[in-house]
Amino acid sequence: MAANTPIIELKDIDVTFKEADRTVEAVKNVDLTVDKGDIYGIVGYSGAGKSTLVRVINQLQPQTAGSVTVSGQDMGALKGKALRQARTKIGMIFQHFNLMNERTIGDNVMFPLLLGSKLSRQEKRSKVDELLALVGLSEKKNDYPAQLSGGQKQRVAIARALANDPEILISDEATSALDPKTTASILDLLKHLNETLGLTVVLITHEMQAVKSICNKVAVMQSGEIVERGDLLTIFSKPTQKLTKEFIETSSQIDAALANVVAQPSIQHLKENEQLVVLSYAGASTDDPLIAQLYEQFKVTPNILFGNVEILQNTPVGNLGLVLSGEGDAVAKALDYVKQQGVTVRQINVAEYQAELARQAAEADRNAEGEA
């Protein structure tokens, strides 16, 4: 498989919906390129426009402006049979499975093959058996959806989406209704399909943890626009946008750890020569005895409060929360040194951080009251 070969190219995409008293810009001037073999994560909160954007890929949602090219074809120029044929190469799975309850599992997987497939009856049956084996559900062939767990239903949906040998699989919030263990198993299956079939996967989610688990590239959407994009390692180690940082802090549980830390009386009353910081680092910087060097070179004492290290794309990525204390400008000099080592430094003003937590809690309460 050639590296960096585009399979999906979206250029200047706008999607606008006109309602009785207003115009809604669901997607605004989006460019996006997905290469063959990518597992490309598109992450954003509800209403960010990510589901609308991916439906443009197979023209379930035509764009108001811009162009869509998939496997070299201008999707916007295709009509009727030609568009239906192009769509067979783009599988799609959803949050709610969309299985037919009155049909067996085997018949659910068979269904796409009944719509224009040139395979013989026996070839179709063999294809169903192969797909059920691929997703680990051979023994469920004659069962019905009501007899399956949520994770098993999603595996059936994946098998069905693969029936016509697609080149692309779009997962639109497909793990959102599943528990964490089942989510992990479905993500592992998607990664396995990517590696064994050369399948390109576009993963739509509001959970950065899912992106972190299997994606090699990620785009962050907000209010219909892509606000940040890049390879997974760069996004996680050097995010530039506030929204991206929020997602990363949530998935790494940094925000929860910080909230617990700033609630401690000792942290609320830091001395003038003490500074609460979060260090974020990746790659070679994780191998350096950085903390020991702070004391040896600057006589700065580190008090470690929390930390985590993860492996992303075979590279260690970590976060460390600590209080630094030292005489005079020692802490400032030490932090300058840390930055020179390629480590991202986030200095926490405890009072401001607590105020922000209070603001977020009040906003959550107002939203909950509004929903009620």
Side-chain angles (χ1 to χ4, degrees), residues 208 212 218 220 222 227-313 315-361 363:
M208 188 61 93
K212 182 168 59 175
V218 57
V220 181
Q222 183 177 35
V227 296
E228 189 161 9
R229 76 186 79 204
D231 67 86
L232 183 71
L233 184 58
T234 299
I235 289 294
F236 267 81
S237 60
K238 297 180 180 178
T240 61
Q241 299 300 308
K242 183 176 183 291
L243 179 62
T244 309
K245 293 174 183 177
E246 287 179 4
F247 273 118
I248 291 171
E249 287 167 7
T250 299
S251 69
S252 302
Q253 298 186 326
I254 301 172
D255 54 348
L258 262 179
N260 289 330
V261 163
V262 299
Q264 302 303 312
S266 60
I267 301 302
Q268 293 175 11
H269 300 93
L270 291 177
K271 299 176 183 177
E272 188 174 341
N273 65 332
E274 294 177 324
Q275 174 67 60
L276 175 61
V277 299
V278 177
L279 307 183
S280 300
Y281 47 91
S285 59
T286 61
D287 298 327
D288 297 331
L290 191 61
I291 301 304
Q293 291 172 7
L294 296 183
Y295 185 78
E296 291 175 4
Q297 295 190 35
F298 303 98
K299 298 298 185 255
V300 167
T301 301
N303 177 19
I304 298 175
L305 304 173
F306 63 86
N308 73 308
V309 178
E310 302 173 282
I311 304 299
L312 301 180
Q313 295 183 302
T315 302
V317 177
N319 297 280
L320 193 64
L322 63 167
V323 171
L324 300 178
S325 59
E327 298 298 327
D329 61 356
V331 171
K333 289 181 178 180
L335 290 178
D336 286 341
Y337 170 78
V338 168
K339 293 173 185 177
Q340 292 169 14
Q341 309 313 304
V343 176
T344 300
V345 177
R346 179 183 173 195
Q347 295 176 255
I348 308 297
N349 182 301
V350 175
E352 291 179 0
Y353 192 82
Q354 286 184 304
E356 175 61 18
L357 290 177
R359 185 196 67 77
Q360 292 176 5
E363 182 177 352

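Model, not experiment: these values are computed from the prediction.
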Colleague: To the nearest 0.5 angstrom, please state how far the CD atom of Gln253 sits from the CG atom of Leu258.
Modeller: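 The CD atom of Gln253 sits 12.5 Å away from the CG atom of Leu258.
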Colleague: Whether the side chain of Lys212 engages the backbone of Ser251 through a donor-acceptor N/O pair (distance < 3.5 Å, no angle test) should be reported.
Modeller: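 Yes.
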Colleague: What is the distance from atom CG of Leu320 to atom CZ of Phe306, rounded to the nearest 0.5 Å?
Modeller: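 If we round to the nearest 0.5 Å, Leu320:CG and Phe306:CZ are 7.5 Å apart.
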Colleague: Going by heavy atoms in the side chains, are Glu356 and Glu352 under 4.5 Å from each other?
Modeller: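 Glu356 does not reach Glu352 side chain to side chain.
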Colleague: Ignoring hydrogens, what is the shortest heavy-atom contact between Val343 and Leu279? Give both atom names and the distance.
Modeller: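 Val343 and Leu279 have their closest heavy atoms at CG1-CB, 3.8 Å.
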Colleague: For Leu322 and Pro302, which heavy atoms make the closest approach, and how far apart are they?
Modeller: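 Smallest interatomic distance, heavy atoms only, reads CD1-CB, 3.5 Å.
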Colleague: To the closest 0.5 Å, what do you measure between CD1 (Ile235) and CD1 (Ile248)?
Modeller: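 The CD1 atom of Ile248 is 6.5 Å from CD1 of Ile235, to the nearest 0.5 Å.
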Colleague: Going by side chain to side chain donor-acceptor pair (under 3.5 Å), name the residues that satisfy it together with Thr240, two or more places apart in sequence or in a different chain.
Modeller: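 Thr240 satisfies side chain to side chain donor-acceptor pair (under 3.5 Å) with Glu228 once adjacent residues are dropped.
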Colleague: Would you confirm whether Gln341, through its side chain, and Tyr337, through its main-chain N or O, come within 3.5 Å as a donor-acceptor pair?
Modeller: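 Yes, the answer is positive, given that a donor and an acceptor are paired below the 3.5 Å cut-off.
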Colleague: Looking at every heavy atom in both Ser237 and Thr344, which two are closest together, and how far apart are they?
Modeller: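 Shortest heavy-atom separation between Ser237 and Thr344 comes out as O-OG1, 3.7 Å.
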Colleague: Where is the tightest heavy-atom contact between Val350 and Ile267, given as atom of each residue plus distance?
Modeller: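 Looks like CG2-O, 3.8 Å.
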Colleague: Is the backbone N or O of Ala332 less than 3.5 Å from a side-chain atom of Asp329, with the two atoms forming a donor-acceptor pair by type?
Modeller: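 Not a single qualifying donor-acceptor pair exists.
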Colleague: I need the full list of salt bridge (Lys or Arg N to Asp or Glu O under 4.0 Å) pairs touching residues 239-263, with sequence neighbours left out, sorted by first then second residue.
Modeller: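 Non-adjacent pairs meeting salt bridge (Lys or Arg N to Asp or Glu O under 4.0 Å): Lys242-Glu246, Glu249-Arg346.
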Colleague: Please walk me through it: do Asn319 and Phe236 pass side chain to side chain contact (heavy atoms under 4.5 Å, CB included)?
Modeller: CA-CA 11 Å; Asn319 297 280; Phe236 267 81; over 6 Å; no
Colleague: Would you mind reporting whether Asn273 and Val331 have side-chain heavy atoms less than 4.5 Å apart?
Modeller: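 Of all side-chain heavy-atom pairs linking Asn273 with Val331, none is under 4.5 Å.
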Colleague: Check the pair Leu357, Val262 against side chain to side chain contact (heavy atoms under 4.5 Å, CB included), reporting the backbone distance first and the verdict last.
Modeller: CA-CA 10 Å; Leu357 290 177; Val262 299; 4.1 Å; yes
Colleague: Working to the nearest 0.5 angstrom, can you tell me the gap between Leu276 CG and Ser325 OG?
Modeller: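 Spacing of CG (Leu276) from OG (Ser325) equals 12.0 Å.
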Colleague: Counting only heavy atoms from other residues, nucleotides and ligands, does the tally under 6.0 Å from NZ of Lys238 exceed 12?
Modeller: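 It does not: Lys238 NZ has 12 such atoms or fewer within range.
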Colleague: What's the separation between atom CG in Asp231 and atom OG1 in Thr315, rounded to the nearest 0.5 Å?
Modeller: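 So the gap between those two atoms works out to 9.5 Å.
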Colleague: When you measure from the side chain of Gln268 to the backbone N and O of Ala263, does any donor-acceptor pair fall under 3.5 Å?
Modeller: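 Confirmed, Gln268 side chain pairs with Ala263 backbone.
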Colleague: Over all heavy atoms of both residues, which pair between Val300 and Leu324 is shortest? Give the atoms and the distance, please.
Modeller: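 Val300 and Leu324 have their closest heavy atoms at CG1-CB, 3.8 Å.
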Colleague: Does the side chain of Phe298 come within less than 4.5 Å of Leu335's, by heavy atoms?
Modeller: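 No, too far: nothing below the 4.5 Å cut-off.
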Colleague: Listing request: all ring pair (Phe, Tyr, Trp, His ring centres under 6.0 Å) pairs with a residue in residues 251-277, at least two apart in sequence or in separate chains.
Modeller: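 For residues 251-277: none.
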Colleague: Find out whether Lys299 and Glu327 are in side-chain contact, i.e. whether some heavy atom of one side chain is under 4.5 Å from a heavy atom of the other.
Modeller: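 Not in contact.
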Colleague: Distance from Gln313 atom CD to Leu233 atom CG, nearest 0.5 Å?
Modeller: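 Rounded to the nearest 0.5 Å, the CD-CG separation comes to 6.0 Å.
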